[in-house]
Amino acid sequence: MVNHMILYIDPGTGGMLFTVMFAMFGVLFFSLHALLDKLKFRISGGKQAKISGEKYPLVIFSDHKRYWNTFEPIVDELEKMKQKTVYMTCSEDDPAFDRKYEYVTCEYIGEGNKAFAKLNVLNANVVFSTTPSLDVFQWKRSKNVDCYIHIMHAAKDITMYRMFGTDHYDSFILSGDLQIEQIRKLEELRGIPERDYDLSGVPYLDEMKKRVDSADPVPPHERTVLLAPSWGESGILSRFGDKLIDSLISTGYKIIVRPHPQSFTSEKELIDRLMNKYSDTSKVTWNSDNDNFDVLMQSDILISDYSGVMFEFAMVFDKPIIYTDTKFDPRPYDADWIDETPWTFSILPSLGPELNDENAGNIKELIDKCIDDRSYLEGRQKAREDIWVNIGESAKRSADFIVRKVRESEEKAKKQALQEKIEKKKKLEAGKKKSSGSKSSRKEKEVEA
């Protein structure tokens with residue numbers, strides 16, 4: 001009789017092994033990539049990629065026009081400071097082109113590989129961007145850029161990026177102490193030297209708050225529910241989809257669905273199916289405005305998962321949210337490296353109730369109770385204290401930090417040029433002395449002869 005041994009790995013251990021294997025693969029990938037770059041460098045005779053034109057003082061890179069709300073208040077401040085800046089965008093219809101700046105020029109650099117081909121050989125003192133995964137996928141660090149600065153486009157954990165999302169940035173504009181702690185922890189775990197940062201705040205939230213404060217009161221209207229999920233397998237539409245939309249329609253309230261912009265690309269088949277099925281505008285309205293201000297202003301409550309729009313809605317518009325248990329899988333994200341629940345999830349019970357399989361059937365009752373419950377006011381205030389510092393001052397602080405980095409780079413370049421000039425002069429003088437010594441030696445030999 002043959003004994004069969006059945007191997008069993010519990011889910012927790014399996015998840016840990018998955019993370020270790022993923023990390024090992026990442027290290028191997030980056031090591032091979034670095035080796036390949038060195039081989040290419042030697043084969044080419046040590047020649048770097050050709051760069052064109054003079055060095056840009058500051059380049060802002062935007063991979064999509066939807067991030068203009070993140071950049072706009074900072075760019076306005078840079079314009080006031082007369083800081084020469086080139087705003088490079090992958091969107092031909094970026095709103096930046098409508099602005100008439102004197103010191104900021106806007107340039108369309110194409111999409112995908114065409115844009116990265118330019119960025120990868122960029123010649124600049126500082127590059128400022130909200131795009132993660134620098135030097136991980138197509139977007140490589142240019143040898144001719146001195147400093148890369150990152151800013152998030154949402155007020156939440158900086159560990160909510162895909163793994164290694166911020167490892168290759170040099171500096172950060174942050175909005176809360178918890179982000180500082182997360183950056184330092186990742187640096188320690190991955191052996192990255194400590195990088196510079198400024199606790200500036202959230203410029204686009206400041207601007208949104210100004211708009212809310214100056215806007216006319218919303219007139220009486222039918223109760224409006226906004227469903228604004230993130231994208232991917234852990235998002236609401238992937239997990240609940242038809243079931244949740246059907247439940248919302250049954251409330252009789254006005255329902256607005258605003259998918260994450262990335263959903264139209266990464267899960268197009270799902271979005272197309274849902275939009276075709278729920279095309280009756282008397283029941284469901286689909287929203288994809290580049291500016292989400294109006295739809296947030298008119299909505300009474302928001303249902304979402306881990307999308308940053310939840311914090312805009314709660315902290316800026318001071319309205320309640322309902323969040324869903326999406327069984328978020330942290331393994332592909334930087335959050336999996338830190339042994340604690342991300343703030344993005346731990347703060348949610350303070351902002352509103354959870355929508356789950358048990359109460360989904362009573363969605364109308366859940367919505368009504370949440371809107372009338374005043375206990376969530378304190379939670380919204382705590383969220384502001386955690387993740388939104390320097391309210392009203394963040395754009396100016398961000399611009400000051402960026403300009404300081406530009407000046408540091410320029411000063412470093414001047415010192416390096418001066419040092420090279422001194423070294424060149426020393427070599428020239430040494431060569432003259434050597435030449436003079438050789439002539440004297442020859443004359444002495446001629447006299448002796």
Side-chain angles (χ1 to χ4, degrees), residues 53-91 94-109 118-119 122-131 134 142 144-153 155 169-176 179-180 195-211 213-214 291 388-417:
E54 61 181 328
K55 200 176 186 79
Y56 296 121
L58 173 61
V59 170
I60 296 176
F61 167 55
S62 175
D63 63 55
H64 197 279
K65 64 183 179 181
R66 64 177 173 266
Y67 299 123
W68 175 240
N69 69 331
T70 297
F71 294 117
E72 182 180 17
I74 301 174
V75 173
D76 287 346
E77 290 294 332
L78 292 169
E79 173 72 10
K80 291 177 187 176
M81 299 170 73
K82 300 181 179 181
Q83 171 60 56
K84 288 187 177 181
T85 304
V86 179
Y87 180 88
M88 296 184 177
T89 175
C90 294
S91 296
D94 196 302
F97 289 108
D98 298 329
R99 303 298 299 272
K100 305 301 179 184
Y101 292 119
E102 181 179 354
Y103 297 94
V104 179
T105 58
C106 300
E107 180 181 342
Y108 171 62
I109 59 173
K118 182 178 182 67
L119 293 168
L122 202 60
N123 188 19
N125 293 104
V126 171
V127 173
F128 173 53
S129 182
T130 188
T131 305
L134 169 66
S142 170
N144 308 299
V145 171
D146 300 323
C147 178
Y148 286 88
I149 304 175
H150 181 75
I151 187 172
M152 299 186 70
H153 60 265
Y169 273 95
D170 303 298
S171 301
F172 301 91
I173 290 175
L174 304 176
S175 63
Q179 294 172 344
I180 301 173
R195 293 161 291 177
D196 196 11
Y197 68 85
D198 188 78
L199 199 59
S200 299
V202 193
Y204 83 93
L205 287 188
D206 285 1
E207 294 303 308
M208 193 175 284
K209 184 177 184 302
K210 289 178 185 177
R211 293 175 69 181
D213 293 343
S214 61
D291 183 358
W388 188 9
V389 299
N390 301 312
I391 296 176
E393 304 173 5
S394 52
K396 179 66 168 62
R397 293 179 65 102
S398 299
D400 285 343
F401 179 71
I402 293 169
V403 171
R404 175 162 66 84
K405 286 298 178 183
V406 172
R407 299 293 174 264
E408 286 177 1
S409 175
E410 290 174 339
E411 197 61 35
K412 181 181 177 181
K414 287 179 183 178
K415 290 180 179 178
Q416 185 175 344

Are [X] and [Y] side-chain neighbours, meaning at least one heavy-atom pair lies under 4.5 Å?
{"X": "K415", "Y": "E411", "result": "yes"}
{"X": "R211", "Y": "D291", "result": "yes"}
{"X": "I149", "Y": "F172", "result": "no"}
{"X": "I402", "Y": "I74", "result": "yes"}
{"X": "F128", "Y": "I151", "result": "yes"}
{"X": "W68", "Y": "P95", "result": "yes"}
{"X": "E410", "Y": "N125", "result": "yes"}
{"X": "V403", "Y": "L78", "result": "yes"}

Is there a salt bridge (Lys or Arg N to Asp or Glu O under 4.0 Å) between E79 and R99? Walk through the geometry before answering. CA-CA 11 Å; E79 173 72 10; R99 303 298 299 272; over 6 Å; no
is_close_aromatic(Y204, F71), centroid dist under 6.0 Å: no
Decide if atom CZ of F97 counts as having more than 12 heavy atoms of other residues, nucleotides or ligands within a radius under 6.0 Å. yes
Do you see a donor-acceptor pair shorter than 3.5 Å between the side chains of D196 and S171?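 Side chains of D196 and S171: no pair found under 3.5 Å.
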What is the ring orientation for H153 with Y67, classed by angle as parallel under 30°, tilted 30 to 60°, or perpendicular over 60°?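 It falls in the tilted class, 30° to 60°.
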Value rounded to 0.5 Å, distance of [atom1] in [X] from [atom2] in [Y]:
{"X": "R66", "Y": "H64", "atom1": "CZ", "atom2": "NE2", "answer": "4.5 Å"}
{"X": "L174", "Y": "D198", "atom1": "CG", "atom2": "CG", "answer": "8.5 Å"}
{"X": "I173", "Y": "Y197", "atom1": "CD1", "atom2": "OH", "answer": "13.5 Å"}
{"X": "R407", "Y": "K414", "atom1": "CZ", "atom2": "NZ", "answer": "9.0 Å"}

Residues D400, K396; criterion salt bridge (Lys or Arg N to Asp or Glu O under 4.0 Å); working and verdict: CA-CA 6 Å; D400 285 343; K396 179 66 168 62; 3.0 Å; yes
Check ion pair K405-D146 (N to O, under 4.0 angstrom): no
Passing option when M88 is tested against L122, V127, T105 for side-chain contact (heavy atoms from CB on, under 4.5 Å):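 The single option meeting the side-chain contact (heavy atoms from CB on, under 4.5 Å) with M88 is L122.
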